[in-house]
Amino acid sequence: KFIRADRPRLLIADGVGVGKTIEAGLILRELQARRNLDSVLIICPRPLVSERKWEEEMKRFGEEFTALDGDLFRHCINELDMEGEWPEKYKKAIIPYSLFDESNVFGNKKHKGLMEVDPPEFDLVIVDEAHHIRNTATYGYRAVSRFCDAAEAVVLLTATPVQLQYDDLFVLLNLLRPDLIIDRKTFQDMAEPNQFINMASTYVRGFKEGWKENAYEQIINACNTSWGKKVFQGNPTIKKIDENTYEEMKEQYERIEKSSTKQEIIEIKEKLISDIENMHTFSNLISRTRRRDIGEFTIRKPYTVTVEFTPEQRELHDKVLEVVHEIFSTIHCTD
């Protein structure tokens, strides 16, 4: 989706633990293979900077990033003001949201803020946990918007959109593609068919009695919305669904059910579900992968490793327990 898009901007909204950070790294690598990628900015929460998560993850892709503190961030803003460019030394940088306070964003008597200098132009901006900027009144939103507006490519990483309020999703998509998601009215018109598309997908996934008729009714409802009438008419996906797809699937399901080939049943169902979900009006802006979409690839198999203490470790461990015991005995001791 990212590479085929008319503008390289995407909201990655995978389920927890699926690998959004790695996907961002793969996108970075793909862009490098296609064009010069000299400057990359990663914006993320402070704990991920302190834990060096992004630094370590990017090393897996052979990339060295510098985490900026307040002094370095203000130095970069000053260089922008004096030289008109972000310092070469920090062209691959990581900035925590916590640096986007009033003085760094709007400046003060001692130094200029981000909004007072020319917008820094990065080849790629990656915004992790982008739901932190869903409030447009915050300094964080203003700063991230400043970076994204001037960026060539943008990737937002966030929680699954269905867990966000629709107003929050509007803010993120408007930040990502203000040329498409112009205002709330446009967003609401575009979003209206999606409730029916999601319901159609649910009916197919459930495969209960009457699923075909119920799912098709939801498709018709989506097509009858104001946005559906403008966009879905003549859509090849709609035509494909309209032309016997449900009937063919039902026949194949019944045939396969008799032969008990569960994998084929799954493949047929997922193909139709994919066709339906591709009708989602934001599908070209959002990439969403759920755990069930990738099977056992991310299933953790925990096991316990027993490691014996060294004599020194055992001595320290026992003394700590003694101290803790004495503390609690004193606290709870009654005369």
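Between Val324 and Leu321, every side-chain heavy-atom pair lies at or beyond the 4.5 Å cut-off. For the pair Met279 and Ile219, the minimum side-chain heavy-atom distance is below 4.5 Å. With a 4.5 Å cut-off on side-chain heavy atoms, Ile3 and Glu30 count as touching. Under the 4.5 Å side-chain criterion, counting only non-hydrogen atoms from C-beta, Val144 is in contact with Leu175. Between Ile126 and Trp54 the shortest side-chain heavy-atom distance falls below 4.5 Å.
Between the side chains of Thr281 and Asn194, at least one donor N or O sits under 3.5 Å from an acceptor N or O. In summary, the side chains of His325 and Glu322 do not present any donor paired with an acceptor at a separation below 3.5 Å, with no hydrogens or angles considered. Remark: the Asp189 side chain and the Thr186 side chain contain no N/O donor-acceptor pair separated by less than 3.5 Å.
Criterion: ILVMFWY side-chain heavy atoms under 4.5 Å apart, direct or through other members. Under it, Ile182 and Tyr141 are not part of a common hydrophobic cluster. Ile197 and Met199 fall into different hydrophobic clusters, where Ile, Leu, Val, Met, Phe, Trp and Tyr residues are linked whenever their side-chain heavy atoms come under 4.5 Å apart, directly or through other members. At a threshold of 4.5 Å between side-chain heavy atoms, the hydrophobic network of Ile, Leu, Val, Met, Phe, Trp and Tyr places Leu48 and Ile133 in two separate groups.
Here Phe309 pairs with His317 under the ring-ring contact (aromatic ring centres under 6.0 Å, His included) rule; sequence neighbours left out.
With Gln313 contributing its side chain and Thr310 its backbone, the two residues share a donor-acceptor pair below 3.5 Å. Looking only at distances, a side-chain donor or acceptor of Ser39 sits under 3.5 Å from a matching main-chain atom of Asp123. Checked by atom type and distance alone, the side chain of Arg134 pairs as donor or acceptor with a backbone atom of His131 at under 3.5 Å. Between the Lys1 side chain and the Ser283 main chain, a donor and an acceptor come within less than 3.5 Å of each other. Counting only distance, with no hydrogens or angles, the side chain of Arg9 and the backbone of Leu176 share a donor-acceptor pair below 3.5 Å.
Relative orientation of the Trp86 and Phe122 rings is perpendicular, given thresholds of 30° and 60° on the angle between their planes.
Ring-centre distance between Tyr139 and Phe100: not below the 6.0 Å cut-off.
Among all heavy-atom pairs drawn from Phe65 and Ala93, the shortest one is CD2-N, 3.6 Å. Closest heavy-atom contact between Met58 and Thr21: CE-O, 4.4 Å.
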Carefully, step by step, assess Leu124 and Leu37 under the rule side-chain contact (heavy atoms from CB on, under 4.5 Å).
CA-CA 8 Å; Leu124 172 63; Leu37 197 67; 4.1 Å; yes
Working note: Leu173 + Ile286, criterion side-chain contact (heavy atoms from CB on, under 4.5 Å); need CA distance, chi angles, decisive distance, verdict.
CA-CA 9 Å; Leu173 294 183; Ile286 301 174; 4.1 Å; yes
Go through the steps to decide whether Asp179 and Arg7 satisfy the test side-chain contact (heavy atoms from CB on, under 4.5 Å), and finish with yes or no.
CA-CA 10 Å; Asp179 54 323; Arg7 292 186 69 190; 3.5 Å; yes
For a quick test of your reading: what N or O donor-acceptor pairs under 3.5 Å do the side chains of residues 101-109 make, sequence neighbours left out?
residue: Asp101; atom: OD1; partner: Ser103; partner atom: N; Å: 3.4
residue: Asp101; atom: OD1; partner: Ser103; partner atom: OG; Å: 3.1
residue: Asp101; atom: OD1; partner: Asn104; partner atom: N; Å: 2.9
residue: Asp101; atom: OD1; partner: Asn104; partner atom: ND2; Å: 3.4
residue: Asn104; atom: OD1; partner: Arg74; partner atom: NH1; Å: 3.2
residue: Asn104; atom: ND2; partner: Leu99; partner atom: O; Å: 2.8
residue: Asn108; atom: OD1; partner: Lys110; partner atom: N; Å: 2.8
residue: Asn108; atom: OD1; partner: His111; partner atom: N; Å: 3.0

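Here the rule is salt bridge (Lys or Arg N to Asp or Glu O under 4.0 Å) with Glu56, and of Arg60, Arg52, Lys53 only Arg52 fits it.
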